[in-house]
*Asks:* 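Here you go, one structure.
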Amino acid sequence: MADAKPSKRARIGILISGWGSNMVALVDAIGDGRIPNAEIAVVISDQPEARGLVKARDRGIETVVIKRSGRRREEHDREIVAALRNRQVDLVCLAGYMRVLSGEFLKAFPRRILNIHPSLLPLFPGLDAQKQALDNGIKVSGCTVHFVDETLDGGPIIAQRVVPVLDDDTVESLSVRILAEEHRLYPEAVRMVLEQIACFDA
Ligand code: GRF
């Protein structure tokens, strides 16, 4: 009997601007098999000082800095898209990446760009989602992984997780609780999306 054809490993490009803990969660999930058949092709930051760059390098992952400062969004994005294409990236994961993507970037990777956001979208898009949750006095919040489209945190939702909001919560304590769930949710969502892509490509 002929051996089954080994499936190609999906190549993931991760965009960060800061701490990079969700990036690490994805790297760990690939490492322990929760995201099968995948590899991180590159971690790209628009901020040279992003702490996540060191974490990626420590894990043997190629990093690229493409500075945003003083550059038009389209020009900046063109360079990022070229870096992703050069590395044959199949899926782009935004992980604390703090610049809105241009239409050109979206067209380059249709339905292949994911983002994680620290609220139960469509509630509280944009900055300071945890503060928005506290200011509105809601009793549950959480995190959302969604496809990125031309809206701000408004693309189709892939997966969500809920956390309680406690009476004595501060922005910090709520953020920590949500972030812990983000680290579980993002790998699950990436696995689901890659399974879908594999079905369509088969
Ligand atoms: C996370 O809360 C994520 O939801 C938001 O930015 C934060 C990034 O954290 N988009 P990290 O850089 O992954 O640690």
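Start at 1 and go down the list; that is how both ligands and their atoms are numbered. Bear in mind that the values here come from a model prediction, so they are computed numbers and not experimental data.
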*Asks:* Would you mind checking if Glu104 and Lys107 are paired as a salt bridge, meaning a charged N to carboxylate O distance below 4.0 Å?
*Replies:*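 No.
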*Asks:* Using a strict 4.0 Å threshold on nitrogen-to-oxygen distance, state whether Arg68 and Asp77 make a salt bridge.
*Replies:*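 Asp77 and Arg68: not salt-bridged.
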*Asks:* Does any N or O atom in Asn115 lie less than 3.5 angstrom from one in ligand 1, N or O only?
*Replies:*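 Min N/O separation from ligand 1 is not below 3.5 Å for Asn115.
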*Asks:* Which ligand 1 atoms, with their elements, are less than 4.0 angstrom from a heavy-atom of Ile116?
*Replies:*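 What qualifies from ligand 1 is 3 (C), 4 (O), 5 (C), 10 (N).
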*Asks:* Starting from atom 9 (O) of ligand 1, what is the nearest protein heavy atom, named by residue and atom, and what distance separates them?
*Replies:*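 I find the closest protein heavy atom is Asn22 ND2, 3.9 Å.
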*Asks:* Establish whether Leu15 and Val145 are linked, either directly or via other cluster members, by ILVMFWY side-chain heavy-atom contacts under 4.5 Å.
*Replies:*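 The answer is no; the residues belong to distinct hydrophobic clusters.
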*Asks:* Starting from atom 1 (C) of ligand 1, what is the nearest protein heavy atom, named by residue and atom, and what distance separates them?
*Replies:*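 The closest one turns out to be Glu182 OE1, 3.1 Å.
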*Asks:* Does any N or O in the side chain of Gln132 come within less than 3.5 Å of the main-chain N or O of Leu127, such that one atom is a donor and the other an acceptor?
*Replies:*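 Looks like yes, one N/O pair under 3.5 Å.
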*Asks:* Backbone or side chain, does any N or O of Gln130 fall under 3.5 Å from an N or O of ligand 1?
*Replies:*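 For ligand 1, there is no N or O atom that lies under 3.5 Å from one belonging to Gln130.
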*Asks:* Does either side chain, that of Arg57 or that of Thr63, offer a donor lying less than 3.5 Å from an acceptor on the other one?
*Replies:*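 Side chains of Arg57 and Thr63: pair found under 3.5 Å.
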*Asks:* When you measure from atom 8 (C) of ligand 1 to each heavy atom in Gly96, Ser21, Gly52, which option holds the nearest one?
*Replies:*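 Nearest heavy atom to atom 8 (C) of ligand 1 lies in Gly96.
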*Asks:* Give the cluster check for Phe105 versus Val64: same hydrophobic cluster or not, with ILVMFWY residues linked at side-chain heavy-atom distances below 4.5 Å.
*Replies:*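 In one cluster: yes.
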*Asks:* So, is Gly20 polar-close to ligand 1, with some N/O to N/O distance under 3.5 Å?
*Replies:*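 N/O-N/O distance below 3.5 Å exists for this pair.
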*Asks:* I need the contact type for His117 against ligand 1. Using non-hydrogen atoms and a strict under-4.0 Å cut-off, is it side chain, backbone, both or neither?
*Replies:*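 The answer is the backbone of His117.
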